[in-house]
Colleague: 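Pasting in a structure now, in structure tokens, and then I'll have a few things to ask.
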Amino acid sequence: MTDWSTIEAFPKRTLVELFADDPERLGKLSLDVAGIHFDWAKTHLTLQTIEAFAALAKSCDLAGKRQAMFGGEIVNVTEGRAVEHTAERGEGKAESVAIAQASHSRMRTLIDAIEADALGPVRHILHVGIGGSALGPHLLVDALGREEKRYDVAIVANVDGTALEDVFDRFDPAATLLVVASKTFTTTETMMNASSVLAWMEEHGVEDPYGRVVALTAAPDKAVEWGVDETRVLPFSESVGGRYSLWSTIGFPAALALGWDQFEELLEGAAEMDRHFRLSALHENAPALAAFADLYYTQVRGAETRAPFAYDERLRLLPSYLQQLEMESNGKGVTVDGKPVGRPTAAITWGGVGTEAQHAVFQLLHQGTHLVPVEFLAVIEPYDTLPEEHHRALLLNAFAQGAALMKGKPADDPARSYSGDRPSSTLLLDQLDARTLGALIAFYEHRVFVNGVLLGINSFDQFGVELGKEMAKAAENGGGDFDASTTDLIRRAGLD
Ligand code: F6P
């Protein structure tokens with residue numbers, strides 16, 4: 001069990017005091033990796049806390065566990081699996097890297113065939129999947145796909161038929177490629193949505209709807225059984241977790257819509273971050289330092305949430321992507337050996353897009369009673385072509401908000417007073433291209449890993465999602481031992 005007492009006992013200096021204490025603070029608490037500048041100077045981390053966290057990491061055998069993950073050992077102990085998403089970007093056990101490369105080359109061959117019209121005309125890509133089988137590809141296509149206009153891509157996750165019908169309204173069934181993404185190929189929402197897309201194609205005269213389906217899955221037999229021709233089943237390894245799977249064939253819609261070169265760049269950027277994480281000492285290791293700040297706030301200062309804000313429209317889906325990555329990974333109540341963890345685990349991740357969020361939720365960040373470590377993400381190179389004032393305002397707002405949170409402003413009127421000493425970190429990207437985005441996402445993955453190791457939990461299972469699914473299934477089958485409130489709701493909605 002991790003011993004946090006040393007860190008808890010450190011004097012609690014304010015951020016302004018920390019800057020005054022050490023003129024070299026910025027240099028010590030910032031880092032440049034893979035085109036991303038990381039600045040933790042406006043957090044309460046100090047060299048002393050970093051050293052103490054490094055000692056804790058040593059006592060938790062972070063280095064050994066990291067090596068075990070990259071080495072393809074079984075680190076997801078509750079499910080008896082290795083954790084090998086890094087092999088998808090070429091970093092990991094040689095056999096696993098070879099398997100990933102073979103599956104990528106199969107994906108590339110299918111993409112080439114689609115581009116050569118082997119499946120007939122494809123203008124629309126309708127990707128159905130949920131959770132990790134949707135959030136990652138959606139983020140990629142939304143962040144990087146603005147210039148690439150060859151395909152319209154829709155990613156539909158929700159079982160609410162409105163989500164599909166919105167797409168049916170704008171897609172031509174005869175020019176639609178259905179991509180069914182599901183690691184297990186059993187997820188209710190995805191299978192129901194996939195069947196409804198096939199029915200829609202059929203109703204609109206598509207002769208062989210199954211001939212226009214691509215399946216992305218770690219259960220290829222199930223996809224074949226469901227009716228997808230084996231040549232269009234793109235498998236990936238069971239050891240790639242759903243929320244870590246965008247690097248695998250789950251990234252297919254991005255690889256098709258953005259082009260193969262972009263997909264490769266994405267993988268290379270992630271691999272660069274993998275090497276940084278694997279080889280750098282902890283005091284200059286971006287994922288480790290970010291995790292130390294996370295842990296400082298959750299374990300020592302009682303922060304219950306954390307909030308990333310993307311000051312770049314292209315990263316608007318990042319907060320929801322991070323919600324699954326962080327909360328499904330580290331929202332756990334027991335340690336790896338099944339004991340109650342006895343401390344808070346993952347912070348609740350929420351966030352939004354700047355500058356919009358400033359006019360909606362920042363009131364609470366500046367004056368509310370909750371401590372919320374904020375994370376600003378911004379990109380130096382603008383994407384838009386409007387007058388420079390837009391980008392200038394965007395970035396200056398991000399930076400000024402961080403300064404205001406830290407500095408505060410006393411006033412005689414308590415309602416107008418800002419306490420300050422509210423922490424934030426900043427990730428400043430040189431540009432947002434596939435390579436940098438790959439590095440950024442890999443940074444978050446490894447940060448989650450370090451958090452998990454120091455908390456002594458398994459970041460790679462997700463049993464918490466099962467009970468609700470089981471009960472919904474029981475209700476669907478007319479069963480389920482429901483309480484009076486739930487039974488009444490089912491009856492009122494006419495579902496009994
Ligand atoms: O219910 C949660 C979950 O299992 C996630 O972990 C996963 O990303 C998602 O559902 C989708 O699962 P699948 O890819 O197997 O359809």
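Worth saying up front: this structure is predicted, and the values here are computed from it rather than measured. Counting convention: from 1, in listed order, for ligands and their atoms alike.
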Colleague: Please tabulate protein-ligand N/O pairs under 3.5 Å for ligand 1, atom names and distances to 0.1 Å.
Modeller:
| from | atom 1 | to | atom 2 | distance (Å) |
| --- | --- | --- | --- | --- |
| ligand 1 | 1 (O) | Lys469 | NZ | 2.9 |
| ligand 1 | 6 (O) | Glu328 | OE1 | 2.7 |
| ligand 1 | 8 (O) | Gly132 | N | 2.8 |
| ligand 1 | 8 (O) | Gln324 | NE2 | 3.2 |
| ligand 1 | 14 (O) | Ser133 | OG | 2.7 |
| ligand 1 | 14 (O) | Lys183 | N | 2.7 |
| ligand 1 | 15 (O) | Ser182 | OG | 3.4 |
| ligand 1 | 15 (O) | Lys183 | N | 3.4 |
| ligand 1 | 15 (O) | Thr184 | N | 2.9 |
| ligand 1 | 15 (O) | Thr184 | OG1 | 2.6 |
| ligand 1 | 15 (O) | Thr187 | OG1 | 3.4 |
| ligand 1 | 16 (O) | Ser182 | OG | 2.6 |
| ligand 1 | 16 (O) | Thr187 | OG1 | 2.5 |

Colleague: Only counting residues at least two apart or in another chain, list the ones meeting ring pair (Phe, Tyr, Trp, His ring centres under 6.0 Å) with Tyr296.
Modeller: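 With neighbours one apart ignored, the set is empty.
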Colleague: Looking at the rings of His204 and Phe171, which for Trp means the six-membered one, are their centres under 6.0 Å apart?
Modeller: no
Colleague: Looking just at side-chain N and O atoms, do Trp247 and Glu445 make a donor-acceptor pair shorter than 3.5 Å?
Modeller: yes
Colleague: ring-ring contact (aromatic ring centres under 6.0 Å, His included), that's the test. Do Trp350 and Phe309 meet it? Break it down for me.
Modeller: CA-CA 9 Å; Trp350 60 286; Phe309 290 95; 5.8 Å; yes
Colleague: Taking the six-membered ring for Trp and the single ring otherwise, decide whether the centroids of Tyr321 and Tyr444 are under 6.0 Å apart.
Modeller: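 Centroid distance Tyr321-Tyr444: not below 6.0 Å, so no.
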Colleague: Side chains of Asn458 and Thr78: any donor to acceptor distance under 3.5 Å?
Modeller: yes
